[in-house]
Number of protein chains: 2
Amino acid sequence: MSRRTRSDNSIQGIPEATIARLPLYLRALYALADRDTACVSSEELATAAGVNSAKLRKDLSHLGSYGTRGVGYDVDYLIYQVSRELGLTQDWPVIIVGAGNLGRALANYGGFATRGFRVAAMIDSDPLIIGTSIGGHRVFGPDEIERVVTRFGVMIGAITAPATSAQSVCNRLVAAGVTSILNFAPVVLTVPDGVDVRKVDLSIELQILAFHAQRRSASKAHPTAEPPAVNGCEPPSVNGKRPVTQQVTRQAHDEVTAEAIGS
Amino acid sequence: MSRRTRSDNSIQGIPEATIARLPLYLRALYALADRDTACVSSEELATAAGVNSAKLRKDLSHLGSYGTRGVGYDVDYLIYQVSRELGLTQDWPVIIVGAGNLGRALANYGGFATRGFRVAAMIDSDPLIIGTSIGGHRVFGPDEIERVVTRFGVMIGAITAPATSAQSVCNRLVAAGVTSILNFAPVVLTVPDGVDVRKVDLSIELQILAFHAQRRSASKAHPTAEPPAVNGCEPPSVNGKRPVTQQVTRQAHDEVTAEAIGS
DNA sequence: GCGACTTTGTGCAAACGTTCACAAGGGCGT
DNA sequence: ACGCCCTTGTGAACGTTTGCACAAAGTCGC
């Protein structure tokens with residue numbers, strides 16, 4: 001209990017982990033609403049969202065007491081409450097920087113246009129693309145960032161540009177007034193305080209999968225046997241440079257781009 | 001301390017949170033190696049990866065004692081150790097199902113081909129695309145999934161197909177022998193035990209950003225004032241159906257696709 | 001060869017998140 | 001109107017993650 005300003009509930013104290021799950025619940029709720037389900041229990045909703053029902057109830061309790069004991073939650077009402085909490089009752093204009101495959105996929109992404117988000121403009125540096133339209137969205141040059149952001153009151157920017165230009169693009173977005181950034185480029189962005197960066201990194205997810213896949217196949221190959229030479233007995237290597245036992249596959253690196261094709 | 005089978009270190013006990021950060025460290029290490037930096041301290045590496053140095057040291061200590069006190073970590077050696085831990089010293093053939101913009105972006109993604117992953121094949125249901133090549137990868141029809149998986153020994157599949165077909169595609173992948181799935185479709189996939197699913201959801205990330213953006217602009221508008229009518233005083237609504245105060249923007253839903261264009 | 005300096009590796013405590021289990025409370029049948 | 005039954009909302013236990021702070025240990029200058 002970290003001593004909230006008020007009754008330790010709802011005023012400003014929703015845990016980050018809960019916030020991250022609200023969109024999941026919202027999606028499940030929409031699916032139920034489409035099937036004309038008026039009311040849902042925590043058990044059903046939890047199953048639909050792929051979480052444990054106790055967790056769901058605790059999460060929802062952070063927003064307030066919107067359920068009815070013995071009955072469940074009114075679907076439409078809960079949709080409204082969760083949407084409001086997430087700030088989706090208003091429309092968010094978004095600027096997408098980088099009109100490669102990823103930028104295009106994002107612009108056409110189903111959940112994008114439909115639930116509170118709108119593509120204000122796309123930005124790309126390729127002169128052949130500037131001036132064209134992608135999925136109904138006009139593509140502007142990088143110099144138009146400031147104008148677009150100001151004009152449409154953009155607060156959210158998505159960076160789908162190559163890693164090499166991600167930081168400079170980010171700087172321009174921030175300077176123009178963007179305070180929330182969704183970064184797809186595989187770099188750590190540096191931003192001033194008060195700017196919120198979220199990262200989506202495809203290759204990190206793959207690497208995590210690879211780890212578990214390796215573990216699975218290792219334990220299948222020789223169950224409860226210890227993995228070959230994990231720890232402890234490396235030659236001490238007196239003179240600074242340690243011998244690298246096996247060279248890691250490493251062709252191109254560092255200059256990894258968020259988008260190798262396109263922009 | 002949850003009682004490991006062995007010395008409570010390294011044998012099988014690397015925390016999930018650590019695993020999720022290893023790819024980050026690996027990327028920072030590659031960047032350093034490219035600048036011909038032979039040795040790095042936990043402080044520097046932590047800064048490059050955007051984390052706290054104590055956390056980095058604790059994370060690395062789970063792999064073993066690969067640093068030198070008073071000096072730091074040998075970059076090449078650490079790259080090898082981290083790669084091995086993640087299972088990236090071997091090559092992972094990956095099958096991509098859905099050759100829309102997202103699938104194409106993934107196939108061309110920089111971090112994909114270079115660090116232990118290889119696109120074994122792409123799959124799409126569009127007859128116009130089947131048989132063509134995308135980024136050097138041949139596109140097969142859905143009926144070829146089993147053959148491709150068996151032929152190339154694929155263990156990892158990426159689903160970039162529309163949400164409506166995601167579950168059936170997933171079933172086919174699992175039936176063919178895929179045990180790790182990276183899901184881009186906005187649905188909760190149901191899989192048997194032993195199959196690992198990771199989710200990348202663009203719209204969830206956006207919604208989380210929107211939450212924070214809303215909070216920021218709210219507290220800027222009226223600092224330390226309480227948000228208008230958050231909690232507590234809804235009309236009790238005796239007869240089941242509660243009044244919905246304001247209808248949430250809701251045009252199309254449920255049938256949200258991972259990829260609205262393309263496949 | 002030795003002492004001062006630097007940086008790793010880690011015990012510990014606090015913060016955070018999850019799960020259990022149950023009391024509180026509302027609906028429904030009689 | 002009353003009591004049974006069902007589901008929410010939440011206190012409390014547990015597990016995980018973070019961050020501090022420092023001892024252990026290696027290097028480098030002299």
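In this text the structure is predicted, and so the values were computed from the model without any measurement. In what follows, every chain begins at residue 1, and chains take the letters A, B, ... in the order their sequences are listed. Just the heavy atoms: all of them, side chains too, but no hydrogens, waters or symmetry mates, feed the values below.
One interatomic measurement links the two molecules: CG of B:Asn52 to P of C:dT10, which rounds to 17 Å at whole-angstrom precision. In this structure, OH of A:Tyr73 is placed 14 Å from P of C:dG26, rounded to the nearest angstrom. The CD atom of A:Glu16 sits 17 Å away from the C1' atom of C:dT18 (whole-angstrom rounding). For A:Tyr66 and D:dT10, the OH to P distance is 12 Å, given to the nearest whole Å. As rounded to whole Å, 11 Å separates atom C1' of C:dC16 from atom NE2 of A:His62. The distance between atom CG of A:Leu56 and atom C1' of D:dT8, rounded to the nearest whole Å, is 11 Å. The NZ atom of B:Lys55 sits 18 Å away from the C1' atom of C:dT8 (whole-angstrom rounding). Whole-Å rounding puts the B:Asp74 CG to C:dT7 P distance at 16 Å.
Taken from CD1 in B:Ile181 to CG in A:Leu209, the straight-line distance is 9.0 Å, to the nearest 0.5 Å. The CG atom of A:Leu60 sits 5.0 Å away from the OH atom of A:Tyr73 when rounded to the nearest 0.5 Å. With values rounded to the nearest 0.5 angstrom, B:Phe211 atom CZ is found 7.5 Å from A:Glu16 atom CD.
Sequence order on DNA chain D of the closest nucleotides to A:Ser42 and B:Ala17 puts A:Ser42 first from the 5' end. Taking for each of B:Leu60 and A:Arg57 the nucleotide of DNA chain C with the nearest heavy atom, the 5'-most of the two is the partner of B:Leu60. Toward the 5′ end of DNA chain D lies the nearest nucleotide of A:Val71, the other residue of the pair A:Val71 and B:Thr18 mapping further downstream.
B:Arg69 contributes no side-chain N or O that forms a donor-acceptor pair with the base of C:dT7 under 3.5 Å. For a distance-only test at 3.5 Å, the side chain of B:Lys58 qualifies as a donor-acceptor partner of the base of D:dG19.
Listed candidates were C:dT18, C:dG17, C:dT10. Nearest to the side chain of B:Ser61 is C:dT10.
A donor-acceptor pair shorter than 3.5 Å cannot be found between the side chains of B:Asp196 and B:Ser180.
In this structure, the side chains of B:Tyr30 and B:Leu26 come closer than 4.5 Å at one or more pairs of heavy atoms.
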